[in-house]
Each structure stands twice: as C-alpha cells, then as structure tokens.
S.K.: 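Sharing a structure, written as structure tokens. Questions coming.
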Amino acid sequence: MVQMNPVDAEARGIVTGDLVVIKTARGQVPMRAFVTDRIMAGFVYAPVGGGGPQGPDAWQQANVNQLTDDRQYDPISGFPVYKTLLCQIKKKKRVRRGAAAADPTLGCGG
C-alpha cells in the first residue's frame with residue numbers, strides 16, 4: 001500500500017483501498033491507497049517490497065524499486081538513492097474486459 005495525505009487523496013478522488021498508479025520518469029507501478037493524516041501533504045510513502053516472483057499478480061507488479069533512479073547514487077558507497085524521488089499518483093482507471101453483449105431481454109437492441 002502507498003500511504004498518502006487526505007488533502008492529496010481528495011484532490012485526486014482517491015479513498016483508502018482504491019487501486020492507484022504511482023508514476024515516475026522510470027515507469028509506473030500499481031498499489032492500493034491508504035489515506036492517512038500521518039503523512040504530510042505533498043508526500044507519499046511506498047514501502048519497499050513487492051515484485052517478487054512468488055505471490056499474487058498484484059504483489060509481483062508492485063515493485064516500487066522499479067521507479068527509482070539507478071543513475072543517482074552515493075559517490076562514496078555506490079549505494080543507489082532509494083529513499084526519495086518525485087512521483088505522481090493517479091487513481092487507476094478501470095480496465096474493460098471486452099465489449100458488453102447486448103441482451104434483448106433487457107431492452108438492449110445492440
């Protein structure tokens with residue numbers, strides 16, 4: 001889950017439990033939103049985890065490390081910057097699974 005402030009969530013029409021997409025210059029990952037006033041407005045917290053080969057699809061797709069910039073790193077240790085980065089969060093649009101079939105019994109002629 002990605003934690004976000006109620007002010008930011010309301011501006012995006014997001015409530016706790018919504019599927020959202022976190023986007024950076026490197027890509028995007030889906031996560032569930034958790035709206036809380038424990039996060040300062042303008043910031044989000046996406047804990048490390050997800051992306052492993054085991055577990056449900058949602059877990060495998062939620063690798064927040066895919067969003068980090070591996071070209072920025074500490075010059076002494078070589079450790080990449082995994083702690084902070086610019087991002088945008090949007091409510092994930094519902095994916096249609098195909099065209100709805102016309103049902104004449106419901107008055108739908110097609």
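Predicted model only: the values in this text are computed from it and were never measured.
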S.K.: Do Lys91 and Asp18 have side chains that approach each other closer than 4.5 Å (heavy atoms only, starting at C-beta)?
M.R.: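 Yes, at least one pair of side-chain atoms sits under 4.5 Å.
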S.K.: If the condition is salt bridge (charged side-chain N to carboxylate O under 4.0 Å, His left out), which residues does Lys23 pass it with, not counting sequence neighbours?
M.R.: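 If we apply the salt bridge (charged side-chain N to carboxylate O under 4.0 Å, His left out) test to Lys23, skipping adjacent residues, there are no hits.
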S.K.: Working note: Val44 + Ile89, criterion side chain to side chain contact (heavy atoms under 4.5 Å, CB included); need CA distance, chi angles, decisive distance, verdict.
M.R.: CA-CA 9 Å; Val44 297; Ile89 295 185; 3.3 Å; yes
S.K.: Identify every side-chain donor-acceptor pair in residues 27-43 under 3.5 Å, counting partners at least two apart or on other chains, and give the distances.
M.R.:
{"unit_1": "Arg32", "atom_1": "NH1", "unit_2": "Gly17", "atom_2": "O", "d": "2.9"}
{"unit_1": "Thr36", "atom_1": "OG1", "unit_2": "Arg38", "atom_2": "N", "d": "3.1"}

S.K.: For Gln88, what residues pass the side chain to side chain contact (heavy atoms under 4.5 Å, CB included) criterion, not counting sequence neighbours?
M.R.: Arg12, Lys90
S.K.: Which heavy atom of Cys87 sits nearest to which heavy atom of Thr24, and what is that distance?
M.R.: CB-CG2, 3.9 Å
